[in-house]
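The block underneath contains the structure these notes are about, expressed in structure tokens.
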Amino acid sequence: MSKETATLRGWKKLPDNRLGHALFSLGMVARVPYFGTVLPSVVRLEPGLCEVTSPKWFGIHNHLGTFHAIAACNLAEVAMGMLSEATVPTTHRWIPKAMNVQYLAKAETGLRAVAKLPEIPDFARITEGRDLVVPVSIYDKHGVEVVHADITTWVTPC
Ligand SMILES: CC(C)(COP(=O)(O)OP(=O)(O)OC[C@H]1O[C@@H](n2cnc3c(N)ncnc32)[C@H](O)[C@@H]1OP(=O)(O)O)[C@@H](O)C(=O)NCCC(=O)NCCSC(=O)Cc1ccccc1
């Protein structure tokens with residue numbers, strides 16, 4: 001039996017272009033409707049790495065007209081969630097349990113979230129629940145990191 005999740009297999013089956021990314025992202029939003037508020041587009045996915053873009057549109061504005069902080073947190077959750085789906089094998093399960101977030105600069109443009117693990121754990125050695133922190137950097141269109149989130153997930157053997 002494959003240890004790859006259906007999510008990662010689905011990503012690999014789709015073409016690595018705008019259409020494939022749109023189809024994958026629509027499927028994701030169908031499963032997790034709240035993600036839809038940031039109109040996410042998953043553009044890169046592999047074990048240990050996920051990149052998601054999100055346009056700046058009226059529905060995610062705050063009173064300053066910038067990208068609402070909690071909408072940015074939602075985007076961080078998208079990137080962490082898809083990274084986890086692509087990384088955690090079917091022998092284990094994961095759930096986010098905490099997020100530490102810093103709003104580093106005003107987010108005036110659409111955003112790009114990059115979730116990246118410094119190293120992929122050896123899941124065979126995870127025989128009881130343990131924390132796995134997923135760092136997520138969120139950049140504006142100028143490449144400035146405007147938000148940084150460290151999301152703690154709880155990984156357990158199935
Ligand atoms: C589970 C834990 C984190 C730790 O509790 P402990 O007692 O130390 O740990 P223990 O391992 O003993 O587990 C006890 C029970 O916990 C449950 N359960 C455990 N693992 C999983 C799992 N992988 N999946 C499902 N359930 C799991 C299970 O019922 C288990 O009982 P069982 O053993 O089956 O009978 C607890 O504090 C909690 O539930 N917090 C709320 C977390 C929460 O709601 N996060 C936000 C949700 S995600 C979101 O909104 C955004 C998003 C969406 C999509 C994509 C991305 C982002």
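Keep in mind the model is a prediction, meaning the values are calculated, not measured. Values reported hereafter were calculated over all heavy atoms of this structure, with side chains retained and with hydrogens, waters and symmetry mates removed. Order of listing sets the numbers, starting from 1, for every ligand and every atom in it.
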Below 3.5 Å, can you tabulate the donor-acceptor pairs from side chains in residues 98-122 to any protein atom, sequence neighbours excluded?
residue, atom, partner, partner atom, Å
T109, OG1, K141, N, 2.9
R112, NH1, E51, OE2, 3.4
D122, OD1, A124, N, 3.2

When the ring planes of H21 and W11 are compared, do they come out parallel, tilted or perpendicular, using 30° and 60° as the limits?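 It falls in the parallel class, under 30°.
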
Evaluate the side-chain proximity of C158 to T90: yes if any heavy-atom separation is below 4.5 Å, no if none is.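 A side-chain contact under 4.5 Å is absent here.
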
Could you tell me which residues satisfy ring pair (Phe, Tyr, Trp, His ring centres under 6.0 Å) with F35, sequence neighbours excluded, listed by chain and number?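 Residues passing ring pair (Phe, Tyr, Trp, His ring centres under 6.0 Å) with F35: none at all.
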
Cluster check Y139, I151: I/L/V/M/F/W/Y, side chain < 4.5 angstrom: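 Per the 4.5 Å side-chain linkage, Y139 and I151 are not co-clustered.
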
Pairs under 3.5 Å, nitrogen or oxygen of ligand 1 with protein nitrogen or oxygen:
residue, atom, partner, partner atom, Å
ligand 1, 9 (O), W154, NE1, 3.1
ligand 1, 11 (O), W154, NE1, 2.8
ligand 1, 23 (N), W94, N, 3.3
ligand 1, 23 (N), W94, O, 2.9
ligand 1, 34 (O), R93, NH2, 3.3
ligand 1, 45 (N), P96, O, 2.9

Using residues 67-86 as the side-chain source, report each donor-acceptor pair under 3.5 Å to any protein atom, sequence neighbours left out, with the distance given to one decimal.
residue, atom, partner, partner atom, Å
H68, ND1, I70, N, 2.9
N74, ND2, Y34, O, 3.0
N74, ND2, T37, OG1, 3.1
S84, OG, M80, O, 2.8
E85, OE1, T7, OG1, 2.6
E85, OE2, W94, NE1, 3.1

